[in-house]
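Chain letters run A, B, ... following the sequence lines, proteins first, then strands; residues in each count from 1.
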Protein chains: 2
Amino acid sequence: MNPLHLQAPAPRPAAFLHQAGVPSSMEVGDPIGSRLRRLREQLDPVRRVVHAGETIFQAGERFAHLHVVNAGLFKLINTSADGREQVVGFKFRGDWIGFDGIADGRHKSDAVAMDTSEVWVLPYEQLLARSVQQPGLLGELHAAMSREIAHDRESMMALCTLPADARVADFLRYWAESLAMRGMRTDEIALRLTRAEIGNYLGMTLESVSRALSKLVRAGVIAFCSKGRRDVRIPDVEALGRFVQRYLVPASATLQ
Amino acid sequence: MNPLHLQAPAPRPAAFLHQAGVPSSMEVGDPIGSRLRRLREQLDPVRRVVHAGETIFQAGERFAHLHVVNAGLFKLINTSADGREQVVGFKFRGDWIGFDGIADGRHKSDAVAMDTSEVWVLPYEQLLARSVQQPGLLGELHAAMSREIAHDRESMMALCTLPADARVADFLRYWAESLAMRGMRTDEIALRLTRAEIGNYLGMTLESVSRALSKLVRAGVIAFCSKGRRDVRIPDVEALGRFVQRYLVPASATLQ
DNA sequence: CGTTCGATTGAGGAAGATCAATTAATGTGG
DNA sequence: CCACATTAATTGATCTTCCTCAATCGAACG
């Protein structure tokens with residue numbers, strides 16, 4: 001029996017088929033684009049351009065605005081009281097940034113642009129006021145927060161249950177999927193991250209990331225593009241998923 | 001320079017003093033109690049009693065209600081598509097449960113009672129309707145989601161940056177703090193979790209948990225109460241924090 | 001009172017970290 | 001444009017941490 005349940009719960013319902021990232025109010029084709037379009041119509045937000053390496057806010061600053069990524073790419077960096085630093089997330093086009101500041105009015109992380117990017121600045125109080133009039137807007141906000149919570153849980157799970165190589169494979173899969181969801185090329189992707197950053201995000205050293213990538217190349221699941229080892233070629237995203245699975249067959253792993 | 005920033009960002013603002021868990025709308029004394037009182041007045045929710053081992057919902061079920069813990073204690077369990085299972089969080093009195101189901105209308109985890117517990121059942125649509133009229137209610141909802149996101153990030157960080165022993169110490173500290181915040185005794189705590197569950201939550205084996213606890217006992221930071229090794233005596237919660245710190249001095253650790 | 005489940009502890013092994021050397025890409029000033 | 005400096009990535013050798021396997025012990029329960 002399932003060791004995590006103190007007592008065996010009722011059997012799992014049949015409709016148990018979910019994976020993160022599938023948006024709810026789905027317009028076929030381009031859910032994220034249409035999400036953004038609706039937001040722009042409803043809020044006509046101020047746009048702000050941020051260049052690579054610049055932040056939209058830093059941990060500790062007063063929270064007053066939420067941001068939505070309209071172009072580019074961000075990483076979120078947390079710093080613990082004792083100075084440990086970690087990349088805790090990435091934000092792509094259509095993602096919201098800044099939820100963790102709502103509770104006590106202070107941002108909890110640095111939001112750093114990884115490329116020239118554009119965010120829409122949404123004054124939180126104004127957003128609330130408009131949400132009250134436009135229920136669709138409120139739904140959008142809640143869905144975004146909900147997705148973030150669900151995704152963070154998936155990350156925790158990957159950290160806890162996957163060995164290093166599989167974690168790297170899973171990370172690439174996640175990245176490719178994020179791009180695909182936004183209608184971007186997924187066969188050749190530019191990570192714009194150092195091995196150290198990837199390792200920091202995945203809880204391993206940069207050497208382990210490098211070795212894992214080399215292994216994935218040897219396994220034929222990925223390849224590096226022409227010059228530089230920063231750009232990754234992924235002929236078949238599904239193959240990454242299968243690579244992750246292969247690691248789970250030995251210790252099939254319900255736990256223990 | 002900080003290796004995680006592509007370029008050096010502006011200096012960190014002085015008001016950089018945060019740690020998870022300090023609620024925003026703080027009534028001195030009992031922030032969680034007053035939060036619950038307000039909720040009850042505003043919503044007069046249906047109460048539901050759940051016994052140890054029973055679930056309030058399971059992953060895959062249709063999402064229709066949020067829940068607020070009024071008494072007892074829950075664990076959230078995620079299951080990946082391939083069958084990996086993990087405890088991804090705990091919910092104490094005053095915590096909300098079910099946010100991860102909002103986005104696509106399906107719950108993403110099992111919510112299992114760890115003790116006889118009472119939750120308030122809040123029909124999501126009704127909650128939205130009321131929130132539109134009562135802005136304080138909406139603020140409460142958002143604050144709860146925000147806290148959850150912030151806390152999950154802290155968990156990710158512990159998983160990625162702390163060695164096993166420190167992770168166990170940090171877990172006990174978190175648990176004691178959660179109890180303290182709710183006005184409960186913190187010098188003797190009943191975990192109601194097996195080593196396997198703790199290990200699963202912290203990404204390590206049950207043996208490692210056991211060894212870590214023994215080490216904490218030997219270090220004089222904790223002790224086991226009388227009969228059984230389930231109940232932990234924590235004479236000084238601060239000492240747990242210092243124990244965690246001690247692990248960080250060697251590899252002082254900004255990364256790399 | 002024996003059975004079962006959880007916890008502890010030890011021994012050995014494996015995954016990943018650390019240390020170190022080399023190579024590749026990027027950038028800089030002449 | 002090239003020599004040189006700098007930063008990132010790779011790869012190997014070694015070491016540490018944590019996992020795995022196994023035996024023992026204790027508590028709880030029928």
Let me know the distance between CG of A:Leu213 and P of C:dG16, rounded to the nearest Å.
14 Å
Any luck finding a side-chain donor-acceptor pair between A:Asp82 and A:Ser80 under 3.5 Å?
yes
Tell me the interatomic distance from A:Leu216, atom CG, to D:dT10, atom P, rounded to whole angstroms.
11 Å
N-O pairing of B:Arg106 and B:Glu61 below 4.0 Å:
no
So if I take the C1' atoms of five pairs at each end of the helix from C:dC1-D:dG30 to C:dG30-D:dC1 and get each local axis, what angle do the two axes make, rounded to 10 degrees?
40°
Separation of D:dA8 atom C1' from A:Glu197 atom CD, nearest Å, is 11 Å
Examine C:dC5: is either OP1 or OP2 under 4.0 Å from a nitrogen or oxygen in the side chain of B:Thr194? Give yes or no.
no
Is it the case that B:Asn200 and B:Gln86 place a side-chain donor and acceptor less than 3.5 Å from each other?
no
Qualifying salt bridge (charged side-chain N to carboxylate O under 4.0 Å, His left out) pairs, either residue in residues 160-172 of chain A, two or more places apart:
A:Asp165-A:Lys215, A:Asp170-A:Arg173
Separation of A:Ile198 atom CD1 from D:dA9 atom C1', in whole Å?
11 Å
Taken to the nearest whole Å, CD1/A:Ile222 to C1'/D:dA9 is 13 Å
Presence of B:Arg195 side-chain N/O under 4.0 Å of C:dT8 phosphate oxygens OP1/OP2
yes
List for me each residue that meets ring pair (Phe, Tyr, Trp, His ring centres under 6.0 Å) alongside B:Trp120, sequence neighbours excluded, and say none if there are none.
none
Quick one: side chain to side chain contact (heavy atoms under 4.5 Å, CB included) partners of A:Asp95, sequence neighbours excluded?
A:Lys91, A:Phe92, A:Arg182
Angle between ring planes, A:Trp96 versus A:Phe99, binned at 30° and 60°: parallel, tilted or perpendicular?
parallel
Report, one pair per line, the protein and nucleotides 17-19 of chain D atoms (nitrogen or oxygen only) whose separation is under 3.5 Å.
from   : atom 1 : to       : atom 2 : distance (Å)
D:dC18 : OP1    : B:Ala164 : N      : 2.8
D:dC19 : OP1    : B:Thr205 : N      : 3.4
D:dC19 : OP2    : B:Thr205 : OG1    : 3.2
D:dC19 : OP2    : B:Ser208 : OG     : 2.2

Rounded to the nearest Å, what distance is computed from the CG atom of residue A:Leu206 to the P atom of nucleotide D:dT11?
13 Å
Spacing of B:Phe224 atom CZ relative to C:dG6 atom P, expressed in whole Å:
16 Å
Would you tell me if any nitrogen or oxygen in the side chain of B:Arg230 comes within less than 4.0 Å of OP1 or OP2 on C:dA7?
yes
Can you check the A:Lys215 NZ to D:dT10 P distance for me, whole Å?
15 Å
For B:Phe74, enumerate each residue passing the ring pair (Phe, Tyr, Trp, His ring centres under 6.0 Å) test, keeping only those at least two apart in sequence or located in another chain.
none
Using distance alone, with no hydrogens and no angle criterion, decide if B:Arg195 and B:Ser210 have a side-chain donor and acceptor under 3.5 Å apart.
no
